[in-house]
Amino acid sequence: MAGQSRKWMILIATTWIQAFTGTNFDFSSYSSTLKSVLGISQVELNYLSVASDMGKALGWCSGVLLMCLPLWLVMFMATFMGLFGYGLQWIVLQKLIVLPYSLVFLLCLLAGCSICWFNTVCYVLCIRNFPTNRAFALSLSISFNGVSAALYTLLANAIDPDDDTLYLFLNAIVPLFASSLALIPILRQPPSQQLSADATRRDSFNFLILNILAVIAGLYLLLLNSLSSTVLRARILFAGAMILLFLPLCLPGIVYARNWANRTIHTRFRFDLSSFNLVDIDDLELHKELIESDQSNGLSGCSFSVIHKEGCFGKVMEKDRLTMLGEEHPARLLVQKWDFWLYYLAYFCGGTVGLVYSNNLGQIAQSLGYYSQLNSLITLYSTCSFFGRLLSAAPDFLRDKVYFARTGWFAVAVVPTHIAFLLLIASGSDAALHAATGLIGLSSGFVFSAAVSITSELFGPNSAGINHNILITNIPLGSLLYGLLAALVYDDHATSSSQESLLREATVCMGRQCYMQTFIWWACISLLGLISSFMLFLRTRLAYDRFERTQFHGI
């Protein structure tokens with residue numbers, strides 16, 4: 001009974017961690033100041049952004065460490081990496097010390113590594129404590145990572161709205177407080193237990209309540225953040241945001257009270273009826289294997305006919321495809337799967353390009369003449385990313401009415417990013433910039449959140465801590481390639497344009513031409529991501545349909 005309430009405390013703790021450790025989203029808030037103080041070019045600034053994202057290439061280390069170290073220890077290792085990485089950058093911007101560019105690069109790398117380690121800790125907590133409703137827990141927890149920029153903007157405005165370097169100081173110390181707050185629930189994790197059908201339905205209702213509260217928090221930050229222009233208003237709004245973040249703490253108490261009432265009030269007859277719904281996990285696995293064997297001949301015949309009719313394309317779509325969800329794939333086996341590399345390409349071209357856009361948002365707004373609206377653009381991207389992450393749970397809420405493979409939803413989620421870049425190519429207006437930023441935030445948020453569930457479903461939940469970190473190595477790679485492309489185009493127009501100017505020794509490019517070629521390239525890349533994600537859906541649809549039949553319909 002107490003264990004059921006404790007697992008909800010852990011979920012709420014992961015939302016706190018995620019809400020205050022998405023520190024990479026506010027890079028655009030201080031990137032121009034960083035560029036000016038260091039006196040670097042746009043290409044060199046891009047390398048610092050790449051360094052922050054490159055921490056994800058080392059994220060697999062956290063998954064390995066979690067196999068032999070306590071989870072709370074890995075969390076505080078991430079905390080002190082961020083404290084050191086962001087703290088020294090803040091001291092550099094305060095001009096208290098002078099560091100060479102190479103050391104600043106390493107500090108950005110260390111700070112980026114801390115973000116990925118925090119994410120891995122939260123993924124593992126959700127997977128361990130919510131094996132039945134894993135997708136709900138992951139979606140809710142990851143969604144709060146999307147509001148980090150909005151929360152940091154409110155907090156910075158509440159202290160000093162004119163100090164851009166304040167973001168680095170907050171990035172260093174706020175995760176330490178959030179981790180300390182989440183420590184007690186993490187230390188008191190309940191033992192893993194199999195839930196009855198009634199308990200699973202009650203958990204689904206609890207997730208619905210938490211998602212409603214999350215939507216309210218997101219709307220609050222989206223609609224009222226623009227009012228935080230004064231210190232007093234910002235403080236009031238930040239206090240309101242904290243209340244909304246702590247409001248879900250009422251849920252564990254309600255769960256405990258309800259479980260006590262069920263235990264003491266329910267009759268023996270009702271208990272027997274509810275226990276009739278319990279399913280032995282071994283019997284379920286045996287049932288799935290029988291379904292597999294019974295359908296093997298029919299499926300192979302179907303596959304043969306498809307290959308025969310579709311020729312080479314059919315052979316590519318059928319070769320080494322996944323036929324069963326949830327099978328564990330260690331790293332050695334993972335990199336041998338065609339589905340993984342198709343998934344890798346879909347994420348690389350469909351989600352990572354949106355993250356690179358957010359890293360360049362400061363220079364994009366400046367070049368288009370909307371730099372004064374940068375904070376509102378960052379907040380818009382952040383909150384739309386939050387809603388996109390939250391929407392990734394929609395397939396699970398709609399499962400009984402509309403079933404669609406999660407990889408299919410993933411493909412649909414890439415579409416807004418492509419539309420956004422086409423919009424930026426067509427117009428450089430304020431409205432187009434805001435609409436495109438919102439669409440990219442919504443699309444990227446859905447992709448980032450849904451990907452964690454897809455990784456655990458396609459390649460096994462127990463290996464997700466390592467496998468997902470292997471997947472997101474595409475983020476530093478994309479940050480390097482896409483960001484370098486944008487930086488080269490930017491610097492080329494800055495040096496050749498008659499509008500070239502100097503701002504604190506940093507070259508600035510003004511006009512639509514600064515990013516026009518970049519937007520065209522990014523639109524083509526996102527189209528490739530859309531095609532790849534659609535092919536992944538076609539290859540994995542059979543496995544998802546089979547899982548749906550056996551797991552939820554018992555046929």
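Only a predicted model underlies this, so the values are computations on that prediction, with no experimental measurement involved.
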Take Tyr490 and Asn46 through the side-chain contact (heavy atoms from CB on, under 4.5 Å) test and state the conclusion after the steps.
CA-CA 11 Å; Tyr490 182 95; Asn46 174 69; over 6 Å; no
Nearest-0.5 Å distance, OH of residue Tyr86 to OH of residue Tyr167:
13.5 Å
Pairwise side-chain contact, Thr540 with Phe410, heavy-atom cut-off 4.5 Å (strictly under)
no
Residue pairs, two or more places apart or on separate chains, that pass ring-ring contact (aromatic ring centres under 6.0 Å, His included) and touch residues 357-376:
none
Backbone N or O of Ile378 within a donor-acceptor pair of the Ser382 side chain at under 3.5 Å?
no
When rounded to the nearest 0.5 angstrom, what distance separates OH in Tyr381 from SG in Cys384?
10.0 Å
Please check this pair: side chain of Ser392 against backbone of Gly388, looking for a donor-acceptor N/O pair closer than 3.5 Å.
no
Please check this pair: side chain of Trp16 against backbone of Leu245, looking for a donor-acceptor N/O pair closer than 3.5 Å.
yes
Ignoring hydrogens and angles, tell me if any N or O in the side chain of Ser443 forms a donor-acceptor pair with the backbone of Leu439 under 3.5 Å.
no
Which atoms form the tightest heavy-atom contact between Ile425 and Met516, and what is the distance?
O-CE, 3.6 Å
Give a yes or no on whether the backbone of Ile142 and the side-chain of Arg389 come within a donor-acceptor separation of less than 3.5 Å.
yes
Short side-chain donor-acceptor distance under 3.5 Å, Ser179 and Thr79
yes
Quick check for you: to the nearest 0.5 Å, what is the distance between Leu140 atom CG and Thr15 atom OG1?
6.5 Å
Just so I know, are the side chains of Leu480 and Tyr47 near enough to count as touching, which here means a heavy-atom distance under 4.5 Å?
yes
Where do Arg406 and Glu457 come nearest, in terms of heavy atoms and distance?
NH2-OE2, 2.8 Å
For a quick test of reading the model, state the closest non-hydrogen atom pair linking Asp339 to Phe459 and the distance between them.
C-CZ, 4.3 Å
Kindly give the heavy-atom pair with the smallest separation between Leu536 and Leu342, and that separation in Å.
N-CD2, 3.4 Å
Anything under 30° is parallel, anything over 60° is perpendicular, the rest tilted; go ahead and classify Tyr123 against His468.
perpendicular
Should we say atom CZ of Phe177 is surrounded by more than 12 heavy atoms from elsewhere, each under 6.0 Å from it?
no
Residues passing the side-chain contact (heavy atoms from CB on, under 4.5 Å) test with Val415, sequence neighbours excluded, are Ile419, Leu530
Less than 4.5 Å apart, side chain to side chain, heavy atoms only: is that true for Phe448 and Asn119?
no
Test Val92 against Val98 for side-chain contact (heavy atoms from CB on, under 4.5 Å), laying out the working first.
CA-CA 6 Å; Val92 169; Val98 178; over 6 Å; no
I'd like to check Leu477 versus Thr352 (side-chain heavy atoms, cut-off strictly below 4.5 Å). Are they in contact?
no
Using side-chain heavy atoms (C-beta onward) and a distance below 4.5 Å, is Leu488 in contact with Asp492?
no
List the steps, then state whether side-chain contact (heavy atoms from CB on, under 4.5 Å) holds for Leu481 with Val356.
CA-CA 10 Å; Leu481 296 179; Val356 177; over 6 Å; no
Supply the atom-to-atom distance Gln363 CD to Lys35 NZ, rounded to the nearest 0.5 angstrom.
5.5 Å
Please report the shortest heavy-atom distance between Thr23 and Pro175, naming the atom on each side.
CG2-CG, 4.4 Å
Is the shortest heavy-atom distance from the side chain of Leu221 to the side chain of Thr379 under 4.5 Å?
no
Beyond-backbone contact of Ile40 with Leu48, side-chain heavy atoms, under 4.5 angstrom:
yes
Distance check, rounded to the nearest 0.5 Å: Thr165 atom OG1 versus Ile91 atom CD1?
11.5 Å
Measuring only between side-chain heavy atoms, which start at C-beta, is Asn157 closer than 4.5 Å to Thr153?
yes
Distance-only, no hydrogens or angles: does the Ser444 side chain make a donor-acceptor pair with backbone N or O of Ile440 under 3.5 Å?
yes
Is Ser385 reaching over with its side chain to a backbone N or O of Leu442, donor-acceptor style, under 3.5 angstrom?
no
Does Cys514 offer a backbone N or O that forms a donor-acceptor pair with the side chain of Gln517 under 3.5 Å?
no
Here the pair of heavy atoms bringing Ser148 nearest to Thr21 is OG-N, 4.1 Å
Are the side chain of Thr383 and the backbone N or O of Leu380 linked by a donor-acceptor pair below 3.5 Å?
yes
Donor-acceptor side-chain pairing of Thr455 and Tyr343 below 3.5 angstrom:
yes
Check: Phe340 ring centre within less than 6.0 Å of Tyr347 ring centre
no
CG (Leu155) and CG (Leu170) are apart, to the nearest 0.5 Å, by 4.5 Å
Ser367 and Tyr515: side chain donor to acceptor below 3.5 Å:
no
Aromatic Phe537 / basic Arg541 pairing, under 6.0 angstrom, 45° off normal
yes
Taken in chain and number order and not counting sequence neighbours, the residues that satisfy ring pair (Phe, Tyr, Trp, His ring centres under 6.0 Å) with Trp341 are Tyr344
Sidechain-backbone polar pair: Ser479 side chain, Ile475 backbone, donor-acceptor under 3.5 Å
no
